[in-house]
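Just below is one structure, and these are the notes that go with it.
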Amino acid sequence: MDPICHIFLLLLAFHKINPSVSSCVTGCSCSQDNFGRSLLCMSALLRQIPANIPQDIRKIRIENSHLTELPRGSFENVSALEYLWLNFNNITVMHIKSLEYLPALKELRLQGNKLSSVPWTAFQDTPALKILDLKHNRLDVLPEHALRYLPNLTYLDLSSNQLTVISRDVFYNWPVYQRSQRAEGQIEAISNAVLALHDNPWICDCRLRGFVQFIKSVGPPIILMNSYLTCSSPKFRAGKFFHEVELNSCMKPLTSALDTNLTVPVGLNVTLTCFVQASPSPAVWWTYALKLLRAFNVSTEPISEETIRSELLIPAARPADAGNYTCTAANFLGNASVAITLRVGSPWASTTPPGWAPIAPAEPGAHVEVRIAKQTVYGITLEWFAAAAAAADPGETWYTLLVGRYDAAQKDAIYIGPGVNTYSVTDLLPATKYEVCVAVRNQAPRKGQCVVFVTGSDVSQLEQREKLIHIVVIVCAMVLAVPAGMYACTAEARPGCLARCPGACPRRRHGGPAQAAGSKESTLDSLPAGSEDGLCRPEGGRGARRPPAREEPGKTRPPHRNSADLY
């Protein structure tokens, strides 16, 4: 028989006995290399691990596919597998028994997937594993037992994940580290282990203290791929290297206050202050009568590495505001609190303090402080804060906005639901005095709950006013632009405003002391709607009052409508 035919018949018989040798997965390719027989599936759009993988495969490489999960027993038919590469897929879930039947596995690469956690006990089924690549995933936790089941691991890459805090015990429990400590002078007899931990958003506070100490002391046989690990937070440590920081031990919060008993007159703004020492930085909140106070008037800021100051502002204190206010701080070690007792006494005989519009003496129900929060080319945005009585909850209170010309007998009413405390008023007419009031439910507005302002005059045609209109507030009988965030002086606040800006109004170009004295009569209340009489002009008399823009024949004035829109 021809030798060539003889060899062909032998190969044919061998394939019949071992059909798995010649088979391969559809859409993939099989090859023979130094590692043995390999299965290569690149961009094969596989959605699960193939079930018909040949049994003689030693290396599997499935990359750039659509794998989303490694279910239980994914590789039970290829127990001789030594190399498994599943990079750049969409794997988010890894079953605790997904590596079952792989006792010979030496290398597992899962780079560029979406794993937020790994079942580390799964590696009990892979005692021979030497290389584990998990970089560019979403791991945010590394439990203390994570490396306990990897006795022969010599390469671990956890770089470019979301690790923020980690215990040094993770590596103290690593068999490789434990062997190196026992060997002492025989380090050269132990294989080196490469560890990659860079490009993670480390939080350099007390919780990372042990890990930072471990990184500073690490040496052969453990080698860091990149020893320059950096802090991402807190802000004052961002960008610093581990070897540049000294972290303190963690500490349970300790709260204190300079004064735990305060007495203030009615109508005075009062600030309650507490100090908290803690590490890591705690969460801080204030409560009053067992109710959590909104952060509207609460400010918290660090004053040192382990101390923060929290302040609670109570505007225009009323008798209903009296009581015990509790400042509470908590971190993972525990919590602490300090109580401050506030008493509200008789009215304070002084001028109105700057800031929020003055409020009338205490009345039943809630009262409201209102201000102009910002200006737009179309109008203003109002912001208000409601301080409720003991029986009311600001988060469940309805409000009524009354918007219209200052001299209008009736104003448009807009009803605002609970939880909303801003509103935009738009499409205002130029050179017009307006009044906006915020009331609780259907109550009539009280003193101090209204803002009066005047829009600037239009020097062009009415339909171009959106380019030229600007909002101004009358203070000291003059026109001032209101920057965003400035509190608006109301008609009732005029005496306080006059006290703060004496001489702010320049004298008119023509007229002496008599005329200047006469200008005192031009107050906010005497200014008619739709005019600027009594307003101060710029220095030097420039920019004298212009007559209101005349409407061109044939053009109709837009009808007035309720133009307030929910902000």
Open item on the list: Under a 3.5 Å distance rule, please check whether Ser233 uses its side chain to pair with a backbone N or O of Lys235 as donor and acceptor.
Closed with: no
Task: CG-NE2 distance between Asn113 and His136, expressed to the nearest 0.5 angstrom - done: 12.0 Å
Open item on the list: I'd like to know if the side chain of Asn331 reaches the main chain of Pro280, judged simply by a donor and an acceptor atom lying under 3.5 Å from each other, with no hydrogens or angles considered.
Closed with: yes
Open item on the list: Is there a side-chain contact (heavy atoms from CB on, under 4.5 Å) between Glu383 and Tyr423? Walk through the geometry before answering.
Closed with: CA-CA 7 Å; Glu383 184 177 42; Tyr423 205 89; over 6 Å; no
Open item on the list: Distance check, rounded to the nearest 0.5 Å: Leu134 atom CG versus Ser159 atom OG?
Closed with: 9.5 Å
- [ ] Locate the shortest heavy-atom distance separating Ala238 from Ser232; write the atom from each residue and the value.
- [x] CB-O, 3.5 Å
TODO: Check whether any side-chain heavy atom of Tyr434 lies under 4.5 Å from a side-chain heavy atom of Ile380, and answer yes or no.
DONE: no
Task: Pair Arg405 + Glu435: basic N to acidic O under 4.0 Å - done: no
TODO: Could you tell me the separation between the CD1 atom of Ile314 and the CG atom of Asn269, rounded to the nearest 0.5 Å?
DONE: 10.0 Å
- [ ] May I ask you to check whether Asn324 and Thr341 show a side-chain donor-acceptor distance below 3.5 Å?
- [x] yes
- [ ] Would you check if Val270 and Leu313 make a side-chain contact, meaning some heavy-atom pair closer than 4.5 Å?
- [x] no
Task: Value rounded to 0.5 Å, distance of CD1 in Ile414 from CG in Leu401 - done: 5.5 Å
Task: Tyr288 and Tyr325 aromatic ring geometry - parallel, tilted or perpendicular at 30°/60° bounds - done: parallel
Task: Side chain Ser217, main chain Gln213, donor-acceptor under 3.5 Å - done: yes
Task: side-chain contact (heavy atoms from CB on, under 4.5 Å) assessment of Val218 paired with Leu224 - done: CA-CA 8 Å; Val218 72; Leu224 289 176; 3.8 Å; yes
Task: Closest non-hydrogen atom pair, Val266 against Gly345 - done: CG2-O, 2.7 Å
- [ ] Give, for atom CH2 of Trp202 and atom CG of Leu163, the distance between the pair rounded to the nearest 0.5 Å.
- [x] 4.5 Å
Open item on the list: Ring-plane angle category for Phe214 and Tyr172, please: parallel below 30°, perpendicular beyond 60°, tilted otherwise.
Closed with: perpendicular
Task: Rounded distance [0.5 Å steps], CE in Met94 versus CG in Leu115 - done: 7.5 Å
- [ ] Check whether the side chains of Asn248 and Glu306 place a donor and an acceptor atom closer than 3.5 Å, and report yes or no.
- [x] yes
TODO: May I ask you to test the Arg371-Val451 pair for a side-chain heavy-atom distance under 4.5 Å?
DONE: no
Open item on the list: Check whether Asn161 reaches the backbone of Asn137 with its side chain - one donor and one acceptor, N or O, closer than 3.5 Å.
Closed with: yes
Open item on the list: A side-chain contact here means heavy atoms from C-beta on lying under 4.5 Å apart; do Leu247 and Phe211 qualify?
Closed with: no
Open item on the list: Less than 4.5 Å apart, side chain to side chain, heavy atoms only: is that true for Gln277 and Pro253?
Closed with: no
Open item on the list: Could you report the tightest heavy-atom contact between Thr164 and Leu208, atom names first, then the distance?
Closed with: O-CD1, 3.8 Å
TODO: Output, in order, the C-alpha distance, side-chain angles, deciding distance and verdict of salt bridge (Lys or Arg N to Asp or Glu O under 4.0 Å) for Arg168 and Glu144.
DONE: CA-CA 8 Å; Arg168 63 183 178 184; Glu144 291 185 1; over 6 Å; no
- [ ] Indicate whether the side chain of Trp286 and that of Ser310 have a donor and an acceptor atom separated by less than 3.5 Å.
- [x] yes
Open item on the list: Using modelled atom types and a 3.5 Å cut-off, is there a donor and acceptor pairing between side-chain atoms of Asp321 and backbone atoms of Arg318?
Closed with: yes
Task: Nearest atoms (heavy-atom pairs only) where Val245 meets Val212 - done: CG2-CG1, 4.4 Å
TODO: Mind listing the closest non-hydrogen atom pair of Pro282 and Val276 along with its distance?
DONE: CG-CG1, 3.8 Å
TODO: Assert yes or no for the condition that the ring centre distance of Phe171 to Tyr177 is strictly below 6.0 Å.
DONE: no
Open item on the list: I want to check something: taking the side chain as every heavy atom from C-beta on, are Arg343 and Leu262 in contact at a cut-off of under 4.5 Å?
Closed with: no
Open item on the list: Do the side chains of Glu244 and Lys216 get close enough for a salt bridge, i.e. N-O under 4.0 angstrom?
Closed with: no
TODO: Just do the side-chain contact (heavy atoms from CB on, under 4.5 Å) check on Leu428 and Phe453 with the steps written out, would you?
DONE: CA-CA 11 Å; Leu428 300 176; Phe453 60 91; 3.6 Å; yes
TODO: Taking the side chain as every heavy atom from C-beta outward, state whether Leu229 and Leu197 have any pair of such atoms under 4.5 Å apart.
DONE: yes
Task: Worked verdict on Phe275 versus Thr255 for side-chain contact (heavy atoms from CB on, under 4.5 Å) - done: CA-CA 6 Å; Phe275 296 91; Thr255 56; over 6 Å; no
Task: Heavy atoms of other groups near Lys252 NZ, more than 12 under 6.0 Å - done: no
Task: Minimum heavy-atom distance Cys327-Val284, with the two atoms named - done: SG-CG1, 3.9 Å
- [ ] State, without any angle test, whether Thr381 and Ser424 hold a side-chain donor-acceptor pair at a distance under 3.5 Å.
- [x] yes
Open item on the list: Taking the side chain as everything from C-beta on, heavy atoms only, tell me whether Leu139 gets closer than 4.5 Å to Leu158.
Closed with: yes
Open item on the list: Could you check whether atom OH of Tyr228 has more than 12 heavy atoms from other residues, nucleotides or ligands sitting under 6.0 Å from it?
Closed with: no
TODO: Please confirm whether the backbone N or O of Lys135 pairs with a side-chain atom of Asp157, one donor and one acceptor, at under 3.5 Å?
DONE: no
Open item on the list: Does Ser249 form a side chain to side chain donor-acceptor pair (under 3.5 Å) with Arg209? I'd like the steps, not just the answer.
Closed with: CA-CA 7 Å; Ser249 300; Arg209 184 169 183 257; 3.3 Å; yes
